[in-house]
Amino acid sequence: MSADGFRARGHAMIEWIARYMEEVYQFPVKSQSEPGAVLAQLPDVPPEHGAAGAGGPRGSDEDAPTSTDAGEEIVWDAIMRDMDQIIVPGLTHWQSPGFLAYFPCQASGPAILGEIAAAGLNVNGMSWETSPAATELEMRVMDWMAHALDLPDAFTFGMRGFASAGGGCIQGTASEATLVALLAGKSRVLDRIGTDAATRLTAYASTQAHSSVLKAAMVAGFAHSAADHSRVRFIETDAACAMDAALLRDAMQADMQAGFTPCCVFATVGTTSSGAIDPLGPIAQVIEDTGAKATGTWLHVDAAHLGAVAVCKEHRAALADIDRADSLVFNAHKSLLTNFNCSLMWTRDRASLNAALSVNPEYLRNPSGTASPLDYRDWQIPLGRRFGALKLWFVLRHYGLDGIRAFVRIKVAMNDAFKAKIDADERFECCGGNALLGCFRLSPQPGESPHQTDERTRSLLKRINGDGRVYLTHTVLPPFGTVPARFVIRVSFGATMSEPRHVDLAWEIVDRAASA
Ligand SMILES: Cc1ncc(COP(=O)(O)O)c(C=O)c1O
């Protein structure tokens with residue numbers, strides 16, 4: 001592709017994306033595609049001829065065709081037609097203002113432009129040497145974000161820079177951060193008590209923790225399969241679906257008495273299912289009181305979705321006691337205007353994290369023989385890494401912290417407004433949530449069994465989603481005391497382009513579906 005061809009297609013692509021963002025609200029939020037429908041429209045084999053063979057004059061050498069303006073235009077017209085006719089209809093529109101399902105996957109103009117810049121530069125920032133700006137910009141924006149969330153200095157590079165004990169890095173996903181935390185904890189504990197204990201290490205999370213904890217345990221050799229909980233313990237939760245710290249204490253003490261060593265505790269700030277917030281202070285206290293802290297037990301905090309609210313002073317309580325944790329992750333791609341993927345992870349103990357992940361073959365060492373100031377490949381599972389800091393830098397500079405705070409406050413207000421409507425209507429029952437998530441179900445009718453309430457709520461969700469303008473998902477809350485398990489509808493107003501009027505739209509659809 002010539003530079004001029006790239007320019008022309010690039011301008012057209014930006015126009016296509018801008019139009020998609022303007023028109024996305026018109027599509028049914030959830031894809032209506034049947035299994036195989038997209039596959040059936042795609043040829044079995046790749047095109048033999050590209051732009052040079054697409055109708056324009058062929059290059060002089062058949063073996064090395066060069067593209068031509070005419071050929072390029074034909075091919076790119078066809079590509080964009082397929083985008084409109086095959087790809088877009090096969091999408092669930094995560095950018096639609098009516099996307100209220102799961103957790104949002106935010107984007108913004110500045111972040112998209114940052115992605116483009118990163119793709120254009122296409123550096124591999126695996127080590128400082130391979131692109132100093134990629135490493136140093138990431139260090140700086142991670143410190144900026146730590147400042148924005150009011151994290152303790154121990155999580156920053158700060159004045160000590162390359163020589164700091166803590167700091168942050170961008171992971172691909174929160175799941176990777178969970179695995180990295182487990183490996184860091186394992187490294188620290190084994191360093192203190194000896195590697196013989198490797199098969200007697202245990203990990204802990206609440207029953208409501210994200211499935212990435214179990215997956216990390218499987219990858220790290222703590223569990224043979226998803227059914228194997230012999231070294232990864234899931235602690236029961238309280239009435240608010242938050243981890244019961246007293247039960248954590250019992251489990252850790254029982255394990256220690258049986259000769260196991262606690263390696264890692266995962267606390268969640270904003271569970272995926274219902275938005276519950278595990279009590280960080282009491283959990284950290286259990287780790288201290290049981291003596292586990294002395295043997296190096298790692299406390300990782302997963303604030304994948306809710307962490308963003310801590311940019312606002314009034315929501316800082318969500319991360320109260322974070323100074324007692326060893327690491328924290330939150331996804332800027334869920335709730336901070338930054339395109340997927342951008343998981344921000346901080347630790348106070350770089351040394352243990354790096355010890356778990358650093359491999360330094362000759363071919364990756366500095367040719368000069370000098371030590372590298374900081375290699376982000378030692379903070380993650382893969383070797384190569386994208387220039388992910390660029391888009392976050394663009395976002396922070398474009399919006400500024402006051403713009404970001406205003407954005408978060410609007411999303412919180414929208415979630416509050418919807419919950420207030422649910423709360424005020426006796427047909428519905430609020431069933432938890434947090435600043436960025438609400439859960440509700442139909443109120444039980446006199447004489448109705450729990451199963452019947454669940455089934456009525458399930459069919460309400462089907463009618464709501466049948467409208468096409470919004471998309472909500474569900475969860476099942478765990479039983480507690482005499483309260484049985486409950487099927488509930490989750491709703492999270494977080495799509496970048498959703499506005500307060502979309503709360504009214506969602507309410508109108510829910511209201512009508514409940515009256516049907
Ligand atoms: C609390 C929590 N942790 C972890 C994850 C996993 O996130 P990722 O897709 O970044 O791995 C999610 C995803 O929704 C989540 O809600």
Side-chain angles (χ1 to χ4, degrees), residues 1-24 26-28 31-96 105 107-126 130-131 133-134 170 172-173 333 338-342 363 377 382-391 394:
M1 180 179 265
S2 67
D4 281 344
F6 176 71
R7 215 167 258 124
R9 308 302 152 219
H11 289 162
M13 183 61 81
I14 294 286
E15 172 54 30
W16 187 87
I17 296 170
R19 189 161 44 85
Y20 175 73
M21 294 196 296
E22 281 166 359
E23 296 178 354
V24 64
Q26 297 177 4
F27 300 118
S31 169
Q32 311 286 299
S33 194
E34 295 294 331
V38 174
L39 262 180
Q41 297 176 76
L42 299 170
D44 295 342
V45 292
E48 196 64 46
H49 299 296
R58 302 290 297 271
S60 54
D61 178 354
E62 282 277 308
D63 291 336
T66 52
S67 66
T68 63
D69 289 351
E72 247 174 52
E73 200 161 320
I74 291 169
V75 166
W76 277 85
D77 283 353
I79 292 174
M80 297 314 287
R81 207 168 36 247
D82 287 351
M83 287 287 282
D84 285 330
Q85 294 176 1
I86 302 174
I87 304 301
V88 170
L91 296 178
T92 288
H93 296 281
W94 287 69
Q95 300 314 308
S96 171
C105 191
S108 66
I112 295 171
L113 295 175
E115 281 278 23
I116 292 174
L121 298 171
N122 206 26
V123 302
N124 183 337
M126 58 191 182
T130 61
S131 259
I170 299 179
T173 63
H333 63 250
T338 311
N339 283 59
F340 187 70
N341 45 3
C342 192
Y363 51 81
R377 69 171 189 265
L383 167 62
R385 65 198 326 266
R386 309 178 69 224
F387 194 173
L390 212 46
K391 60 187 169 187
F394 282 21

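- The side chain to side chain contact (heavy atoms under 4.5 Å, CB included) test applied to Ser131 returns Val123, Ala134, not counting sequence neighbours.
- Scanning for side chain to side chain contact (heavy atoms under 4.5 Å, CB included) contacts around Phe27 gives Tyr20, Val24, Val88, His93, with sequence neighbours left out.
- Pairs passing the side chain to side chain donor-acceptor pair (under 3.5 Å) check and including a residue from residues 77-90, sequence neighbours excluded, read Trp16-Asp84.
- Every residue was checked against the side chain to side chain donor-acceptor pair (under 3.5 Å) condition with Ser108, not counting sequence neighbours, and none meets it.
- Take Ser33 and apply the side chain to side chain contact (heavy atoms under 4.5 Å, CB included) test, not counting sequence neighbours, and it matches Ser31, Ala37, Val38.
- Applying the salt bridge (charged side-chain N to carboxylate O under 4.0 Å, His left out) criterion to Asp4, with sequence neighbours excluded, gives Arg7.
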query = Between Met1 and Glu72, is a side chain to side chain contact (heavy atoms under 4.5 Å, CB included) present by the stated rule, with each step listed?
reply = CA-CA 8 Å; Met1 180 179 265; Glu72 247 174 52; 4.1 Å; yes
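- Counting heavy-atom neighbours within 6.0 Å of Glu34 CD, excluding the residue itself, gives a total of 12 or less.
- To the nearest 0.5 Å, atom CD1 of residue Ile17 and atom CD of residue Gln95 are 11.0 Å apart.
- Residues meeting the salt bridge (charged side-chain N to carboxylate O under 4.0 Å, His left out) test with Glu115, sequence neighbours left out: Arg386, Lys391.
- Under the rule for a ring pair (Phe, Tyr, Trp, His ring centres under 6.0 Å), Trp76 has no partner lying at least two apart in sequence or in another chain.
- Remark: Ile116 engages Ile14, Ile112, Leu113 in a side chain to side chain contact (heavy atoms under 4.5 Å, CB included) (not counting sequence neighbours).
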